[in-house]
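Following: one structure in structure tokens, then a few remarks.
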Amino acid sequence: MTSADDALDPFAEFIERASSELSAQGFPRMPARVLMALTATDDGKATAEELAARLQASPAAISGAVKYLGIVGFVRNTTIPGTRKHVYSLGDTPWYSASFTRGDTYRQIETSMRGPIEHLPKDSRAVERIEEVADFFSFMRRRLPGLLDDWNAERAARGKADPIRPES
């Protein structure tokens, strides 16, 4: 963005810095930018056109990013009634808590790790590593409900009365 654009969007620097940090941690770059752009809106919503303009990105880049964000459960896609325009929103559950509310993902990873083990050599160091990965995801799946309870208690202590619940 140019400095004139930055004056129009006081969140421009935040979006770029936060998305750069997410990217540095392994999150895909354009989905990170879209996620931070949505996070930096008052209502947590934007159309593809608004996102493209705000991020100075192509419609194809926005489309790919929101598709990825939808898959990981961070963004919802709705259509404006009577139009073909899509609105992307952060949904009712804060995007950062999607990992808390999607324990089934950890179960699927654990299952995919454990399934092939029976066909592998029992004395292999590789099998030990695979079992360790499966055990880790099993641990995470079991611990998520308690972590979510802890997070809700912390939010309540700060005056946030609406607890985050797992989505069905």
Side-chain angles (χ1 to χ4, degrees), residues 1 5 8-115 133-134 136-152 154-155 160-168:
M1 284 190 151
D5 291 330
L8 297 175
D9 186 356
F11 290 98
E13 186 176 339
F14 160 79
I15 292 167
E16 293 309 317
R17 283 180 183 241
S19 63
S20 289
E21 186 56 39
L22 283 175
S23 256
Q25 300 303 319
F27 203 90
R29 177 84 176 124
M30 186 52 72
R33 292 183 73 219
V34 168
L35 183 60
M36 290 299 98
L38 287 170
T39 301
T41 62
D42 285 340
D43 61 0
K45 298 177 183 179
T47 65
E49 294 83 12
E50 291 166 339
L51 289 167
R54 188 171 204 187
L55 299 174
Q56 297 182 342
S58 72
I62 299 300
S63 176
V66 295
K67 181 177 181 180
Y68 174 86
L69 292 169
I71 289 169
V72 297
F74 287 2
V75 170
R76 292 179 185 238
N77 175 3
T78 57
T79 305
I80 298 172
T83 74
R84 296 177 64 186
K85 284 190 172 193
H86 292 266
V87 175
Y88 303 102
S89 65
L90 297 177
D92 298 330
T93 302
W95 64 264
Y96 56 84
S97 68
S99 59
F100 284 130
T101 62
R102 299 193 57 183
D104 60 316
T105 302
Y106 294 108
R107 182 183 307 281
Q108 290 169 351
I109 295 170
E110 177 190 357
T111 300
S112 73
M113 294 283 124
R114 293 198 195 283
V133 171
F136 172 77
F137 283 102
S138 174
F139 170 81
M140 291 297 293
R141 178 182 46 79
R142 292 188 322 268
R143 292 294 304 268
L144 284 178
L147 288 173
L148 185 56
D149 291 343
D150 292 348
W151 178 237
N152 281 327
E154 188 167 317
R155 291 178 78 237
K160 304 279 185 180
D162 54 331
I164 296 168
R165 303 256 187 258
E167 293 182 7
S168 30

TODO: Walk me through it: do Arg141 and Ile109 pass the test side chain to side chain contact (heavy atoms under 4.5 Å, CB included)?
DONE: CA-CA 10 Å; Arg141 178 182 46 79; Ile109 295 170; over 6 Å; no
TODO: Quick one: pull up CG in Leu144 and CZ in Phe139 and give me the separation to the nearest 0.5 Å.
DONE: 9.5 Å
- [ ] May I ask you to decide if the ring planes of Tyr68 and Phe27 are parallel, tilted or perpendicular, using 30° and 60° as cut-offs?
- [x] perpendicular
- [ ] Could you give me the CA-CA distance, side-chain angles and deciding distance for Lys160 and Glu154, then say whether salt bridge (Lys or Arg N to Asp or Glu O under 4.0 Å) is met?
- [x] CA-CA 9 Å; Lys160 304 279 185 180; Glu154 188 167 317; over 6 Å; no
- [ ] Kindly indicate, with the supporting measurements, whether the criterion side chain to side chain contact (heavy atoms under 4.5 Å, CB included) is fulfilled by Arg155 and Trp151.
- [x] CA-CA 6 Å; Arg155 291 178 78 237; Trp151 178 237; 3.1 Å; yes
Open item on the list: Regarding Arg29 and Glu21, does a basic nitrogen lie under 4.0 Å from an acidic carboxylate oxygen?
Closed with: no
- [ ] Answer yes or no: is there an ion pair linking Lys45 with Glu50, defined by an N-O contact shorter than 4.0 Å?
- [x] no
Open item on the list: Determine whether Leu69 and Val34 satisfy the following criterion, side chain to side chain contact (heavy atoms under 4.5 Å, CB included), listing intermediate values before the conclusion.
Closed with: CA-CA 9 Å; Leu69 292 169; Val34 168; 3.6 Å; yes
Open item on the list: Between Arg84 and Thr79, is there a side-chain donor-acceptor contact under 3.5 Å, judged purely by atom types and distance?
Closed with: no
Task: Backbone of Pro59 reached by a side-chain donor or acceptor of Ser63 within 3.5 Å - done: no
Task: Test side-chain contact (heavy atoms from CB on, under 4.5 Å) applied to Arg54 and Thr41, Leu38, Ile62, the passing residue - done: Thr41
- [ ] Check whether the side chains of Ser138 and Arg142 place a donor and an acceptor atom closer than 3.5 Å, and report yes or no.
- [x] yes
Task: Considering all heavy atoms, the nearest Ala37-Leu55 contact - done: CB-CD2, 4.0 Å
- [ ] Could you give me the CA-CA distance, side-chain angles and deciding distance for Tyr88 and Arg76, then say whether side chain to side chain contact (heavy atoms under 4.5 Å, CB included) is met?
- [x] CA-CA 6 Å; Tyr88 303 102; Arg76 292 179 185 238; over 6 Å; no
TODO: State whether Glu13 and Arg17 are salt-bridged, where the test is any N-O pair (Lys NZ or Arg NE/NH1/NH2 against Asp/Glu carboxylate O) under 4.0 Å.
DONE: yes
Open item on the list: I want to check something: taking the side chain as every heavy atom from C-beta on, are Met140 and Glu110 in contact at a cut-off of under 4.5 Å?
Closed with: no
